[in-house]
Amino acid sequence: MQIDISRSHLRADCNKCFGLCCTALYFAASEGFPKDKEAGKPCHHLQTDFRCRIHADLREQGFKGCLAYDCIGAGQKVAQIYGGQDWRKAPELAREMFEVFLIMWQLHEMLWYLTEGLTLEPARSIHTELYNMQEKIDRLTLLRPESLLELDVPLLRAEVNTVLLKTSELVRKAVRSKQQTSQRRQKNFKRGADLMAADLRTYDLRGANLRGACLIAADLRGTDLWGADLIGADFRDTDLRGADLSQSLFLTQGQINAARGDKSTKLPLALSRPAFWEGCD
């Protein structure tokens with residue numbers, strides 16, 4: 001079983017795409033954009049070469065949503081499927097391309113999590129299950145557009161989530177069994193917990209279940225998130241300065257890009273430190 005720990009095949013390469021995220025997705029003013037944009041309509045900053053006119057100034061221009069988005073390599077995969085044809089040269093295929101892109105993005109997200117699961121020693125007892133699911137999803141990414149459009153994505157997500165939950169439980173149990181006495185408070189958070197603007201610095205978050213938590217503008221400075229399950233957590237403007245996320249679970253680049261941090265924030269090896277973080281320019 002050979003695992004690409006860096007998940008290099010699940011990294012966006014905009015030079016091999018044709019502005020799919022800038023066109024297929026909707027923009028909402030309430031989600032980090034200066035104004036709304038319809039799905040299927042190109043952003044007015046998208047140039048004819050599919051490069052962004054304001055890429056170097058997205059944050060200053062109010063496009064935080066762009067910084068927080070990561071296609072996880074789905075864009076170049078779709079471009080490859082269509083043999084380099086883009087939606088401008090083949091407008092009759094545009095709608096199909098955009099729908100395929102949204103499906104591919106979800107498949108790549110599943111692969112990101114499954115691949116991480118295979119690197120976790122406490123989950124070794126279910127590595128075969130993780131590997132088989134990874135192989136299944138990987139094969140689906142190679143399907144033709146018409147077959148991709150027929151996939152039952154919610155069912156696939158449910159199947160993947162079942163094994164990811166098992167992974168999370170095994171890892172968090174191992175973390176809790178190794179915990180030393182802490183002066184910080186322990187709390188069992190419910191899935192999707194509303195922790196907007198909450199000061200979480202007094203909590204022991206090692207092995208915490210923060211799946212789907214709303215952590216918008218929450219204060220996590222200096223916290224240790226070893227073994228914390230962060231899948232789907234909303235990190236917009238979350239303060240991660242000095243926090244240790246190096247051993248956290250199911251974190252994505254998009255989540256990190258949406259947060260605030262500094263050069264002392266510790267990240268998993270598969271993720272990159274945003275250049276706009278304090279002391280990182």
Looking just at side-chain N and O atoms, do Asn257 and Arg59 make a donor-acceptor pair shorter than 3.5 Å?
no

Taking atom CG of Asp244 and atom CG of Leu225, what is their separation to the nearest 0.5 Å?
7.5 Å

List the atom of Ala56, the atom of Glu60, and the distance in Å for their closest heavy-atom pair.
O-OE1, 4.2 Å

Spatial distance of atom OG (Ser246) from atom CG (Asp224) [nearest 0.5 Å]
7.5 Å

State whether the side chain of Arg172 and the backbone N or O of Arg206 hold a donor-acceptor pair below 3.5 Å, judged by distance alone.
no

So how far is it from Gln255 CD to Arg236 CZ, rounded to the nearest 0.5 Å?
12.0 Å

Without hydrogens or angle criteria, can the side chains of Lys77 and Thr141 be said to hold a donor-acceptor pair below 3.5 Å?
yes

Take the angle between the ring planes of Phe63 and His45 and call it parallel below 30°, perpendicular above 60°, tilted in between.
perpendicular

Is the shortest side-chain heavy-atom distance between Leu107 and Leu148 below 4.5 Å?
yes

Side chain to side chain contact (heavy atoms under 4.5 Å, CB included) between Trp112 and Arg7, intermediate numbers included:
CA-CA 7 Å; Trp112 178 271; Arg7 285 163 272 183; 3.2 Å; yes

Minimum side-chain heavy-atom gap Gln134-Leu111 below 4.5 Å:
yes

Between Asp194 and Met196, is there a donor-acceptor pair closer than 3.5 Å when you use the side chain of the first and the backbone of the second?
yes

For the residue pair Tyr113 and Phe250, categorise the inter-ring angle as parallel (less than 30°), tilted (30 to 60°) or perpendicular (more than 60°).
perpendicular

What about Leu165 and Ile137, same hydrophobic cluster or not, with Ile/Leu/Val/Met/Phe/Trp/Tyr joined at side-chain heavy-atom distances under 4.5 Å?
no

Please test Lys64 against Asp237 for salt bridge (charged side-chain N to carboxylate O under 4.0 Å, His left out), starting from the C-alpha separation and ending with a verdict.
CA-CA 10 Å; Lys64 289 184 179 179; Asp237 289 323; 3.5 Å; yes

Tightest non-hydrogen contact, residues Arg273 and Asp262, listed as NH1-O, 3.1 Å

With side chain to side chain contact (heavy atoms under 4.5 Å, CB included) as the test, would you mind laying out the steps for Leu67 and Phe276 before giving the verdict?
CA-CA 10 Å; Leu67 292 171; Phe276 62 84; 4.3 Å; yes

Decide whether Val100 and Leu156 are clustered together by the hydrophobic rule: side chain heavy atoms of Ile, Leu, Val, Met, Phe, Trp, Tyr closer than 4.5 Å, transitively.
yes

With no hydrogens and no angle check, is any side-chain donor or acceptor of Gln247 less than 3.5 Å from a backbone partner on Gly227?
no

I'd like to know whether CD of Glu38 has more than 12 heavy-atom contacts from other residues, nucleotides or ligands below 6.0 angstrom.
no

Do Cys66 and Leu58 touch side chain to side chain, with heavy atoms closer than 4.5 Å?
yes

Heavy atoms of Ala12 and Cys71 approach each other most closely as CB-SG, 3.7 Å

Do Thr23 and Leu46 come close enough that some side-chain heavy atom pair is under 4.5 Å?
yes

With sequence neighbours left out, the residues meeting salt bridge (Lys or Arg N to Asp or Glu O under 4.0 Å) with Lys136 are Glu159

Check: Trp277 main-chain N/O paired with Arg241 side-chain donor or acceptor under 3.5 Å:
no

Please test Leu200 against Leu215 for side chain to side chain contact (heavy atoms under 4.5 Å, CB included), starting from the C-alpha separation and ending with a verdict.
CA-CA 10 Å; Leu200 300 175; Leu215 294 168; 3.8 Å; yes

Of all heavy-atom pairs linking Pro122 and Ala174, the shortest is CB-CB, 3.9 Å

Taking atom CD as the centre, does Gln47 end up with more than 12 heavy-atom neighbours from other residues, nucleotides or ligands that are less than 6.0 angstrom away?
yes

Please tell me if the side chains of Lys16 and Asp13 come closer than 4.5 Å, counting only heavy atoms from C-beta onward.
yes

Report the distance from atom CD1 of Ile126 to atom OG1 of Thr167, rounding to the nearest 0.5 Å.
3.5 Å

Nearest heavy-atom neighbours spanning Ala68 and Ala258:
CB-CB, 3.6 Å

Report yes if the side chains of Cys14 and Arg51 come closer than 4.5 Å at any heavy-atom pair, otherwise no.
yes

Is the backbone of Phe18 close enough, under 3.5 Å, to the side chain of Trp87 for a donor and an acceptor to pair up by distance?
yes

Is the shortest heavy-atom distance from the side chain of Trp105 to the side chain of Tyr69 under 4.5 Å?
yes

Straight-line distance of Met110 CE to Thr115 OG1, nearest 0.5 Å:
12.5 Å

Steps toward salt bridge (charged side-chain N to carboxylate O under 4.0 Å, His left out) verdict (Lys173, Glu169)
CA-CA 6 Å; Lys173 181 179 179 180; Glu169 289 166 1; over 6 Å; no

Look only at the side chain of Asn209 and the backbone of Phe189, and say whether a donor-acceptor pair between them is shorter than 3.5 Å.
no

Does any non-hydrogen side-chain atom of Trp226 lie less than 4.5 Å from one of Ser248?
no

Are Ile54 and Leu20 linked, directly or through other ILVMFWY residues, by side chains that come within less than 4.5 angstrom of each other?
yes

Test salt bridge (charged side-chain N to carboxylate O under 4.0 Å, His left out) on Arg221 and Asp219; report intermediate values, then the result.
CA-CA 6 Å; Arg221 285 176 294 169; Asp219 192 344; 2.6 Å; yes

Between Ala233 and Leu210 the two heavy atoms that sit nearest each other are CB-O, 3.7 Å

Using side chain to side chain contact (heavy atoms under 4.5 Å, CB included), reason through Phe101 and Leu25 one step at a time and then give a plain yes or no.
CA-CA 10 Å; Phe101 170 68; Leu25 305 178; 4.2 Å; yes

Just by modelled atom types, is the Lys41 backbone N or O under 3.5 Å from a matching donor or acceptor in the Lys37 side chain?
yes

Asp138 side chain to Leu140 main-chain N or O, any donor-acceptor pair under 3.5 Å?
no

same_hphob_cluster(Leu102, Leu149) at 4.5 Å side-chain heavy-atom cutoff
yes

Counting only N and O atoms by type, is there a donor-acceptor contact under 3.5 Å from the side chain of Thr265 to the main-chain atoms of Leu240?
yes

Salt bridge (charged side-chain N to carboxylate O under 4.0 Å, His left out) between Arg88 and Asp86, intermediate numbers included
CA-CA 5 Å; Arg88 282 182 174 144; Asp86 64 66; over 6 Å; no

If we count only N and O atoms by modelled type, under 3.5 Å, do the side chains of Tyr82 and Glu96 hold a donor and an acceptor together?
yes

Measure from the side-chain N and O atoms of His108 to the backbone N and O of Ile72, and report whether any donor-acceptor pair falls under 3.5 Å.
yes

Do Val78 and Leu142 sit in one hydrophobic cluster, given that two such residues count as connected whenever their side-chain heavy atoms are within less than 4.5 Å of each other, even indirectly?
no

Rounded at 0.5 Å granularity, tell me how far CD in Glu121 sits from CG in Leu170.
11.5 Å

